Amino acid sequence: MFWQREAATLRQELHSLQENHRQLMGEKLNGLSVNELHNIESRLEMSLRGIRTKKEQMLTDEIKELTKKRNLIHHENLELSRKVQRIHQENIELHKKAYATSSSNVLGLGELEDAADASNAQVRLQLSQPEQSCYDSASKS
């Protein structure tokens with residue numbers, strides 16, 4: 001007898017929840033009063049506000065994370081650019097040493113740089129440095 005009452009109570013609760021769900025989905029609204037429709041509308045608006053707040057927070061967190069990643073990549077790019085410049089300078093120095101020991105082949109500094117550029121032409125990487133002000137203002141905020 002207890003289980004039959006419990007089952008009946010659960011069936012009634014299920015029916016009530018299904019009816020509530022249909023109303024929230026905009027179905028089976030016939031027969032509801034203006035006050036009941038207003039209550040459903042208020043519940044939906046509160047739910048929508050909560051959803052928008054959560055979405056806004058998630059997007060804000062994602063923007064912060066992407067900004068951190070962008071700044072890390074920017075700093076890595078700057079460091080790699082410095083390394084490329086050092087290597088280029090070392091190559092010029094090596095060419096100076098190599099051509100300075102040869103008495104039959106005397107080159108000027110400009111010619112040494114041209115020779116270094118020509119020897120690096122196949123492996124040269126072209127790097128561009130982003131404008132400093134763009135990243136400085138973003139990292140301060």
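None of these values were measured; they are calculated from a predicted model. For reference, positions follow the sequence shown, starting with 1.
Here N91 contributes atom CG and H95 contributes atom NE2; the two are 5.5 Å apart, rounded to the nearest 0.5 Å. Between the CD atom in E56 and the CD1 atom in I51 there is a gap of 14.0 Å [rounded to 0.5 Å]. In this structure, the separation between CD on E19 and CD on E27 is 10.0 Å, given to the nearest 0.5 Å. Remark: L66 CG to I73 CD1 distance equals 9.5 Å, nearest 0.5 Å. Interatomic distance, NE2 of H75 versus CG of L78, reported as 7.0 Å (0.5 Å rounding). Separation of atoms CD (E41) and CG (L24) is listed at 12.0 Å; rounding is to 0.5 Å.
The closest side-chain donor-acceptor pair between R82 and N77, if any, does not fall under 3.5 angstrom.
In this structure, Q23 and L29 approach most closely via the heavy-atom pair O-CD2, 3.7 Å.
The local environment of CD in E79 is crowded, with over 12 non-hydrogen atoms from other residues, nucleotides or ligands closer than 6.0 Å.
Looking at heavy atoms from C-beta onward, I40 lies out of side-chain contact with N20 at the 4.5 angstrom threshold. Between T53 and Q57, the closest side-chain pair of non-hydrogen atoms is not below 4.5 Å. Residues K96 and E93 meet the side-chain proximity criterion, which asks for heavy atoms closer than 4.5 Å. Under the 4.5 Å side-chain criterion, counting only non-hydrogen atoms from C-beta, D61 is not in contact with E65.
Each of R11, Q18, Q12 was checked for a side-chain contact (heavy atoms from CB on, under 4.5 Å) with L14, and the lone residue meeting it is Q18.
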